[in-house]
Amino acid sequence: MGEELREKLFAKREEGWSKTDNKQKEEIMKFADEYMAFLNNAKTEREFIKCAKKLADEHGYTDIINKTELKAGDKVYFINRGKSMYLAIIGENDIQEHGMHIIGSHVDSPRLDLKPNPLCEEGGMAYFKTHYYGGIKKYQWTTIPLSLHGVIVKTNGEKVEINIGENEDDPIFTITDLLPHLAQEQMEKKLKDGIEGENLKLLIGSIPVDDDKEKERVKLNILKLLNEKYGITEADFMSAELELVPAFKARSLGFDKSMVAGYGQDDKVCAYTSLSAMMNLDKVKNTAVCILSDKEEIGSMGNTGMESHMFDFFISEILNKLNVNKPNLLDRVFCLSKMLSSDVDAGYDPLYSSVSDGLNAGYLGKGITLNKYTGSRGKAGASDANAEYVAWVRNVFESSDVKYQITELGKVDIGGGGTIAYILANKGTDVIDCGVPVLSMHAPYEVTSKYDIFSAYKAYTSFWTE
Ligand code: MN
Ligand code: MN
């Protein structure tokens, strides 16, 4: 009797792999291979958007700028300054009465940016000075191979694209750390103070120009090389955006190859799974919108971040080109819409179990996680999804056999976090956070489960085809 009752009454949270047959396993592994290949070509927001545009073009999407009219079934996108992108498929239902189904992720990830005056020479070595981007543990970014990505824009408008350190025959760069023999003082420091921000200096060269009358001869030699290759001078760094990211590739992790280790999975794992889901959609009932935003890791500000009105502009363009726009319609459409804020969640790490409440943690391999709310210290700053909406999302997932878990980011008062959820919620949209649990989040090498990656793909598909 106990067993029967238990079966009927207890909430189930099952490990996913053991219920997966060989054919499904193959499908999961194949999807993960495609994901890893994409990650390796899309380590920065600009590269992600470039790859996403290519995919969208191949799948029949058009830049909304080239459309004068829209109708059900049309597939469009808008690219915002090469760093964020919105895609949409016009639904058969009237957008004025049914709103949109939105999935929103971000394509920026924690990294090291070059300072505007980066180049210096010390002790016969040339360095780039950096300023870190997003929440990092600084010690994790020393003594690993780093690659340099980004753009340098000259005053005549010419844009030089940089990508050094990804090909096997490219050089890489690194940030040195103190040898243990001389690190007594450093080792006594708090972990957060062990490596200082100003000391995140990238080692970039050591050969001087052949003229001993000159000062800073190594720096001069570096500039000579850069000038020969890219036609730039030191001043051109002022109008550059150069980012350092780990040079290693995304790889399968474990004897069983059940996981993915890779840089930037926060939040490219949700960006990729939602983008792929959108690429495989055909006709939809409700207008489906996919957001790939920038600047989430530093607060979503600026004109490529989600706080900007650029997204409103895109939706207004859709309403204009559907020939339905009128005063207040944009507000109305947002109020009628539903959204999954597709951002990663903290995975339960048995090595650090003390920060999690086991009953409310997200486990790798148990499917996508839903965060009803985020925030910290008594839910401060949280966007809290309404129970009615959570029930609606549960029903969508359960009807499509999507494995999900509902979780909190860590124990009460231990920390917290946030996503872009509140931004759309503030416009009146029903929003819940829904993403993939990650280990070592924000580290140069993050870990996810292939089972959860595929669950995300299935979850996003079910949300859009509901
Ligand atoms: Mn994130
Ligand atoms: Mn993050």
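All values below were derived from every heavy atom in this structure, side-chain atoms included, with hydrogens, water molecules and symmetry-related copies excluded. Here the structure is a predicted model, which means the values were calculated and not measured. Read the numbers this way: they start at 1 and go in the same order the structure lists the ligands and their atoms.
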Using the six-membered ring wherever Trp is involved, compare the ring planes of F78 and F313 and label them parallel, tilted or perpendicular (cut-offs 30° and 60°). perpendicular

Specify whether F463 and W392 have parallel, tilted or perpendicular ring planes, treating 30° as the upper limit for parallel and 60° as the lower limit for perpendicular. perpendicular

Apply ring-ring contact (aromatic ring centres under 6.0 Å, His included) to Y35 and Y457, showing your working. CA-CA 11 Å; Y35 164 58; Y457 171 74; over 10 Å; no

Suppose we only allow N, O or S atoms; which atom of E297 ends up nearest to the Mn ion (ligand 2)? OE2

For the Mn ion (ligand 2), does an N/O/S atom of D266 lie at less than 2.8 Å? yes

Any N/O/S of [X] under 2.8 Å from the Mn ion (ligand 1)?
X    : value
E296 : no
D267 : no
H106 : yes

Test your reading of the model: is there a side-chain donor-acceptor pair from E296 to the backbone of H106, 3.5 Å cut-off? no

Run through F48, F31, F454 and flag the one making a ring-ring contact (aromatic ring centres under 6.0 Å, His included) with Y272. F31

Of all the N, O or S atoms in D343, the one nearest to the Mn ion (ligand 1) is OD1

